[in-house]
J.: 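If you scroll down you'll find the structure; I have some questions about it.
Quick note on labels: first sequence line is chain A, next is B, and so on, each numbered from 1. Note: hydrogens, waters and symmetry copies are ignored here, and every other heavy atom, side chains too, is used.
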Amino acid sequence: METIIQILNDNYIGKEVKIHGWVYRVRSSSKLCFIVMRDHSGVIQTVGRMEDFNGDDFKNLANLTIESSLEISGTLNKDERAITGYELRIKSFKIFQRNENFPITKDQGEEFLLDNRHLWIRSREFNAILKIRSTIFKAFSEFFFKKGYYEVHPPMMVSTATEGGSTLFKVPFFGETAFLTQSSQFYLETFIFSLEKVFTVSPSFRAEKSRTWRHLTEYWHAEGEVAWIGNEEMMDIEEAMIKYIIKEVLEQNKEELTLLNRDISALEKSLEPFHRMTYTELIKKAQEFGLDLKFGDDLGADEERAIMVHFDKPIFVTHFPEELKTFYHRPDPQNPGYILCHDLLAPEGYGEIIGGGERIWSLDELRSRIQKAGLKEEDYYWYLDLRRYGSIPHSGFGLGLDRLCLWIMKQSNIKDIIAFPRTIRRLRP
RNA sequence: GCCGUUGUAGCUUAGCUGGUAGAGCACUCGGCUGUUAACCGAGCGGUCAUCGGUUCAAAUCCGAUCAACGGCGCCA
C-alpha cells in the first residue's frame with residue numbers, strides 16, 4: 001500500500017501501485033471515468049476504462065459518490081491533464097463504502113461549513129491548516145525542550161481566578177464550585193521553584209461574551225515561566241521561539257502555505273530582529289500616524305491594526321502604565337508608575353499574540369497590589385507562599401497559539417484555524 | 001453587554017418603488033472516449049424564519065418574536 005504523495009513521483013511510472021482513500025471528485029462518461037482520490041497526503045487522478053472491467057464493475061466505479069471509501073490498484077502514468085500531474089489507470093478496486101451524497105457541495109456558506117465542520121476538515125484547505133497547526137504546536141514544545149525546559153501539567157479545574165475577573169466558567173465540583181482555568185501562570189510560577197524553566201500547552205477558557213475575529217471561548221494557551229530572568233531576557237527567548245516556529249513551518253509546510261495562498265516572503269520578514277518600544281513611544285508613534293490615542297489609553301483592536309500596518313515584523317511593546325496591567329506584574333524600580341512587562345503584536349494587522357513580563361517577587365509589594373486591586377489575600381495564599389519561601393526574580397509569558405496560527409496562516413477568522421471552535425454561539429459539532 | 005446586518009428549494013442566491021417565485025449547484029433519468037467541483041437535454045424540488053397588521057392584493061410595506069452573522073469592549 002502506498003500513500004498518494006509517495007507515488008506522485010517519476011520513480012513509480014509504469015509500476016503497479018495500490019492506494020486507499022476517499023473519492024475527492026468523480027466524473028464519468030459512458031466508457032471512461034475519472035476518480036480523483038485523496039488520502040491524508042494528497043490527491044491523484046485515477047482513470048477507469050470500460051474495456052478494463054467485467055460485468056458491473058465499470059458501472060460501480062462510475063457511480064461512486066464523493067467521499068466514498070475504496071482501495072485501488074493500477075499502473076501509474078505521467079499525465080499533464082491530471083490535477084497533480086500523474087494518473088493511475090485502475091486495474092482493480094475494492095469499495096469499502098459507497099456513501100449517500102456528501103452534504104458538502106460547492107458554493108457553501110461559512111455557517112453551513114461550520115455546522116458541518118466534522119466533514120469539512122477533510123477538505124484540502126483544512127487538511128493544510130491542520131498540518132501547519134500541527135507543526136506550530138510541535139515546534140513550540142520542541143524549542144523549549146531543546147533549551148532544557150520541562151513540560152508541566154497544571155490543573156484545568158481551579159478554585160480561583162488568576163486575574164480576579166468574573167469571566168470564568170463554573171463547574172459543579174462535589175458540592176463546591178470549581179472554575180475552568182483562564183491561565184496557568186500562577187501554577188507555572190509554583191513549578192519554577194522545583195524545575196526553574198517550565199512550559200505548558202493547555203486549553204484556557206474565557207466566559208467573556210466576545211464576538212470577534214480573534215477570540216475563542218476555549219483556546220490553546222502556551223505558557224512559559226523562567227526563574228532568575230527579567231523582562232528583557234524573557235523577550236529574547238520569546239523572539240527566538242517565534243522565529244523557530246516560523247522557520248519550522250517554512251521548512252515543513254511550504255506546500256500547505258502555497259495551497260493557502262500565504263505570502264511566504266511576508267512571513268520571512270519576521271525572521272529578522274523584532275521591533276521593541278515602550279508603551280509611551282508607541283503612543284507617540286501612533287499620534288504621528290494620526291491616530292486618536294492619548295497616554296493612558298489601552299490599545300483597541302482598531303488601534304492595533306492601524307499601528308501594525310506600519311510594521312512588517314512583530315513588535316514588543318514594553319513598560320505599560322501600572323493601571324493598564326493586573327496586580328502580579330512587577331513595577332519598574334527605575335520608572336515608577338510603569339510595569340516591566342511586554343505585549344507582542346503580530347504584523348499584517350494581527351495584533352496581540354503574547355502577554356508577559358516580570359512578576360512581583362517581594363511579598364510586601366504583592367500583598368499591597370492585591371489589596372489595591374480589591375482582591376482577597378486568602379484566595380491567593382499559595383501564590384503568596386511562593387514569596388515567603390525562597391522567593392526569586394522571575395518572568396513568564398502567555399502565547400495564544402491559535403492567534404499565532406491565525407497570523408502564520410494569514411486567515412481572517414480564528415475559527416478558521418481550529419477544527420472545532422468554541423465560541424459564545426458554538427458548542428457543536 | 002453595546003451597535004449593525006441578514007433570514008426565499010438540500011446548498012448558493014435573483015426578485016427595484018406591492019400584482020401571486022426565477023436561476024446555478026446537488027439529486028433523478030438520458031447522452032458523451034480525456035474530464036479538471038466537465039458539458040448537453042429533460043425532470044424533481046419553495047406555507048418566501050414565525051406571528052400579527054396595512055391593502056382588492058404582501059417575499060416585497062409596518063410591528064413583534066426567534067435565529068444567525070458581522071463589528072466593538074474584554075483579552076491570548
Side-chain angles (χ1 to χ4, degrees), chain A residues 23-36 38 43-52 58 62-63 65-67 77 79-85 87 89 100-116 123-125 162-163 165-168 181-185 201-223 238 297-305 324-326 342-346 350-356 397-407 412-415 418 423-426:
Chain A
V23 174
Y24 179 66
R25 300 283 182 264
V26 58
R27 288 175 287 275
S28 65
S29 51
S30 60
K31 290 167 185 163
L32 191 66
C33 69
F34 299 99
I35 293 165
V36 180
R38 68 164 187 89
V43 302
I44 186 169
Q45 176 164 294
T46 68
V47 60
R49 292 171 185 278
M50 195 161 76
E51 73 244 33
D52 292 346
F58 179 78
N63 283 334
T65 48
I66 286 178
E67 287 304 310
N77 301 300
D79 196 316
E80 282 173 6
R81 293 168 296 187
I83 181 168
T84 41
E87 185 178 79
R89 178 158 175 173
E100 294 298 301
N101 300 315
F102 195 60
I104 299 175
T105 57
K106 74 169 187 174
D107 297 327
Q108 297 296 352
E110 274 175 45
E111 201 193 322
F112 182 86
L113 292 177
L114 272 165
D115 287 339
N116 289 283
S123 66
R124 284 187 91 194
E125 189 188 15
T162 309
E163 325 212 341
S166 55
T167 56
L168 291 152
T181 183
Q182 288 185 306
S183 160
S184 297
Q185 180 199 319
V201 176
S202 53
S204 279
F205 306 87
R206 304 260 163 123
E208 289 144 358
K209 295 182 172 173
S210 304
R211 343 176 9 89
T212 79
W213 59 281
R214 60 173 184 170
H215 284 85
L216 288 169
T217 295
E218 175 187 278
Y219 69 97
W220 285 86
H221 210 168
E223 292 169 281
E238 289 165 27
D297 288 347
D298 212 344
L299 299 181
D302 293 339
E303 287 84 33
E304 267 185 20
R305 217 168 308 153
L324 292 182
K325 292 285 173 184
T326 37
H342 59 267
D343 281 2
L344 182 67
L345 307 184
Y350 282 90
E352 186 174 359
I353 57 172
I354 289 180
F397 72 92
L399 161 69
L401 277 172
D402 305 285
R403 285 189 179 176
L404 181 63
C405 290
L406 185 59
W407 163 49
S412 57
N413 194 296
I414 200 157
K415 286 182 279 192
I418 183 165
T423 65
I424 178 170
R425 300 209 194 233
R426 189 164 288 279

J.: Would you kindly give the CZ-to-P distance between Arg426(A) and A67(B), to the nearest whole Å?
T.: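 Arg426(A) atom CZ is separated from A67(B) atom P by 15 Å.
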J.: When you match Ser412(A) and Leu216(A) each to their closest nucleotide on RNA chain B, which lands nearer the 5' end?
T.: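 Its nearest nucleotide lies further toward 5', so the answer is Ser412(A).
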J.: When you compare A23(B) with A42(B), how far apart are their P atoms, in angstrom units rounded to a whole number?
T.: 11 Å
J.: Is a donor-acceptor pair below 3.5 Å formed from side chain Arg214(A) to base C74(B), judging by atom type as modelled?
T.: no
J.: Between C11(B) and G46(B), how far is it from one C1' atom to the other, in whole Å?
T.: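 Taking atom C1' in both C11(B) and G46(B), they lie 14 Å apart.
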J.: Using a 4.5 Å cut-off on heavy atoms from C-beta on, say whether the side chain of Leu168(A) contacts that of Arg206(A).
T.: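 They are not in side-chain contact.
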J.: Under the criterion side chain to side chain donor-acceptor pair (under 3.5 Å), I'd like the reasoning laid out for Gln182(A) against Thr167(A): C-alpha separation, chi angles, the key distance, then a yes or no.
T.: CA-CA 9 Å; Gln182(A) 288 185 306; Thr167(A) 56; 2.9 Å; yes
J.: For a quick check of understanding: with a heavy-atom distance under 4.0 Å over all strands, which category does Arg38(A) fall into, base, sugar-phosphate or nothing?
T.: nothing
J.: Under 4.0 angstrom, heavy atoms only, what part of the nucleic acid is Glu111(A) near: base, sugar-phosphate, or nothing?
T.: sugar-phosphate
J.: With rounding to the closest Å, how many angstrom separate the P atoms on U6(B) and U13(B)?
T.: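 Result for the P pair: 14 Å, nearest Å.
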J.: What's the CD-P distance between Glu223(A) and A76(B), to the nearest Å?
T.: 9 Å
J.: For C74(B), does the base pair up with any side-chain atom of Thr167(A) as donor and acceptor (N or O, under 3.5 Å, distance only)?
T.: no
J.: From NE2 of His215(A) over to P of G71(B), roughly how many Å is that when rounded to an integer?
T.: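 In whole Å, G71(B) P lies 12 Å from His215(A) NE2.
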J.: May I ask you to verify if any side-chain N or O of Arg305(A) is less than 4.0 angstrom from the OP1 or OP2 atom of G71(B)?
T.: no
J.: Which residue is it: Asp52(A), Asn77(A), Asp79(A), Thr46(A)? I am looking for the one with a side-chain hydrogen bond (donor to acceptor under 3.5 Å, both in side chains) to Arg89(A).
T.: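 Per the side-chain hydrogen bond (donor to acceptor under 3.5 Å, both in side chains) rule, the option paired with Arg89(A) is Asp52(A), out of Asp52(A), Asn77(A), Asp79(A), Thr46(A).
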J.: Tell me which nucleotide, if any, is Watson-Crick or G-U wobble paired with A21(B) when both distances must be under 3.5 Å.
T.: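 Looking at the geometry, A21(B) pairs with no nucleotide.
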J.: How far, in whole Å, is A9(B) from C48(B) if one measures between their P atoms?
T.: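 To the nearest whole Å, 9 Å.
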J.: Between the protein and nucleotides 35-41 of chain B, which nitrogen or oxygen pairs are less than 3.5 angstrom apart?
T.:
from   : atom 1 : to        : atom 2 : distance (Å)
U35(B) : O2'    : Arg27(A)  : NE     : 2.9
U35(B) : O2     : Arg27(A)  : NE     : 2.8
U35(B) : O2     : Arg27(A)  : NH2    : 3.1
U35(B) : N3     : Gln45(A)  : OE1    : 3.0
U35(B) : N3     : Gln45(A)  : NE2    : 2.9
U35(B) : O4     : Gln45(A)  : NE2    : 2.8
U35(B) : O4     : Arg81(A)  : O      : 3.0
U36(B) : O2     : Arg81(A)  : O      : 3.2
U36(B) : N3     : Arg81(A)  : O      : 2.2
U36(B) : O4     : Arg81(A)  : O      : 3.0
A37(B) : O4'    : Arg25(A)  : NE     : 2.7
A37(B) : N1     : Lys106(A) : N      : 3.3
A38(B) : OP2    : Arg27(A)  : NH1    : 2.8
A38(B) : N6     : Ser28(A)  : O      : 3.3

J.: Please give the nucleotide sitting opposite A67(B) as a Watson-Crick or G-U wobble pair, both distances under 3.5 Å, or none.
T.: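 Paired with U6(B).
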J.: Going by an N to O cut-off under 4.0 Å, is there a salt bridge joining Arg38(A) and Glu67(A)?
T.: yes
J.: Nearest 0.5 Å please: distance from the OG atom of Ser204(A) over to the CD atom of Gln185(A).
T.: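 Going from OG on Ser204(A) over to CD on Gln185(A), the span is 11.0 Å.
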J.: When the distance from CD1 of Ile353(A) to P of C75(B) is rounded to whole Å, what number comes out?
T.: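 Checked: the CD1 to P distance equals 17 Å.
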J.: Would you kindly compare Ile354(A) and Glu51(A) by the position of their nearest RNA chain B nucleotide and give the one closer to the 5′ end?
T.: Glu51(A)
J.: As a test of understanding, state which of Thr423(A), Asp402(A), Thr212(A) forms a side-chain contact (heavy atoms from CB on, under 4.5 Å) with Ile414(A).
T.: Asp402(A)
J.: Please report the distance separating the P of G71(B) from the corresponding atom of G24(B), rounded so that it comes out in whole Å.
T.: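 Between the two P atoms, the distance is 33 Å.
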J.: Within the 4.0 Å heavy-atom criterion, would you say Lys415(A) contacts the bases, only the backbone, or no part of the nucleic acid?
T.: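 Sugar-phosphate only.
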J.: Identify the heavy atoms of Ile424(A) and Thr217(A) that sit nearest to each other, and give their distance.
T.: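 So the minimum-distance heavy-atom pair works out to N-OG1, 3.5 Å.
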J.: So, taking the atom named CZ in Arg214(A) and the one named OH in Tyr219(A), what distance separates them when rounded to the nearest 0.5 Å?
T.: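 If we round to the nearest 0.5 Å, Arg214(A):CZ and Tyr219(A):OH are 12.5 Å apart.
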J.: Measure CG/Asn116(A) against P/A26(B) and give the value in whole Å, please.
T.: 18 Å
J.: Taking the side chain of Arg206(A) as its heavy atoms from C-beta onward, which of U33(B), A76(B), C27(B) lies nearest to it?
T.: A76(B)
J.: Sticking with atom C1', work out how far G22(B) lies from A14(B), rounded to a whole angstrom.
T.: 7 Å
J.: Quick one: look up who G1(B) pairs with, Watson-Crick or G-U, both distances under 3.5 Å, and put none if it's unpaired.
T.: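 Per the H-bond distance test, C72(B).
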J.: Does Glu100(A), at its CD atom, have more than 12 non-hydrogen atoms belonging to other residues, nucleotides or ligands within less than 6.0 Å?
T.: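 No, CD of Glu100(A) has 12 or fewer neighbouring heavy atoms, counting only those of other groups under 6.0 Å.
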J.: May I ask you to say what Thr212(A) touches in the nucleic acid, namely base, sugar-phosphate or nothing, with a heavy-atom cut-off under 4.0 Å?
T.: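 Thr212(A): base contact, heavy atoms under 4.0 Å.
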J.: In whole angstrom, what separates Tyr350(A)'s OH from C75(B)'s C1'?
T.: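 It is 18 Å, rounded to the nearest whole Å.
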J.: Whole angstrom is fine here: how far is it from OH in Tyr219(A) over to P in A76(B)?
T.: 6 Å
J.: Taking pairing as Watson-Crick or G-U wobble with both contacts under 3.5 Å, can you name the mate of G45(B), or confirm there isn't one?
T.: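 Base partner found: none.
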J.: Between atom OG of Ser183(A) and atom CD of Glu223(A), what is the distance when rounded to the nearest 0.5 Å?
T.: 4.0 Å
J.: For A26(B), give its Watson-Crick or G-U wobble partner with both distances under 3.5 Å, or none.
T.: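 Looking at the geometry, A26(B) pairs with no nucleotide.
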J.: Tell which nucleotide pairs with U35(B), taking only Watson-Crick or G-U wobble pairs whose two distances are both under 3.5 angstrom.
T.: none
J.: Say we look at G52(B) and A58(B): how far apart would their C1' atoms be, to the nearest angstrom?
T.: 13 Å
J.: What's the CH2-P distance between Trp213(A) and G4(B), to the nearest Å?
T.: 24 Å
J.: Could you give the distance separating U60(B) and C51(B) at their P atoms, to the nearest angstrom?
T.: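 These two P atoms come out 13 Å apart once rounded.
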